[in-house]
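Please read these numbers as outputs of a predicted model, since none were measured by experiment.
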Amino acid sequence: MTINEIEFPSSISVTDNKGDFLIHTEDSQKWSSDILDDWLENKIKQHFKDKYKSIPRGAIHWCYMSLDDYKDLPSDDPLKTNYLLCDGRKYKKTEYKELSEILKTVIRHKKNENPYYYYPEKIDNSKD
């Protein structure tokens, strides 16, 4: 069967128990099976490497790993040396002067009674 000029296989033989789904790679022009969780994890990691070479100070970002995975990273990993973990701990302003200046005033979006409307709310952190 052909769809959009791509020939689909008429049958699949998965002898190595490797795959959850079938994928066609354009670079090799071949079909293969892959485990969906592994494929997604690799795509997300590659996206981080490609897109987040420079992140502004004070930015808050989701990370693709669990807390246990983070703890298992070596101490010189960029995620540990260049970022603060947002896990509820308190950090001293004197140790992170640039970051504390940036975070003096934070604007968050607070939910209104209307579930589809959020409004900006200014939070003053200069006293803490």
Which value, rounded to the nearest 0.5 Å, describes the distance between L84 atom CG and L79 atom CG? 12.0 Å

K80 atom NZ, neighbour heavy-atom count above 12 within 6.0 Å: yes

Approximate separation, where rounding is to 0.5 Å, of L67 CG and D72 CG: 9.5 Å

Q46: which residues meet the side chain to side chain donor-acceptor pair (under 3.5 Å) condition with it, sequence neighbours left out? D50

Tell me if a side-chain donor or acceptor on N42 pairs with a main-chain N or O of D38 at a distance below 3.5 Å. yes

So, are K45 and E41 salt-bridged, with charged N and O less than 4.0 Å apart? yes

Any side-chain heavy-atom pair from L85 and Y91 closer than 4.5 angstrom? yes

Considering all heavy atoms, the nearest M65-D69 contact: CB-CB, 3.7 Å

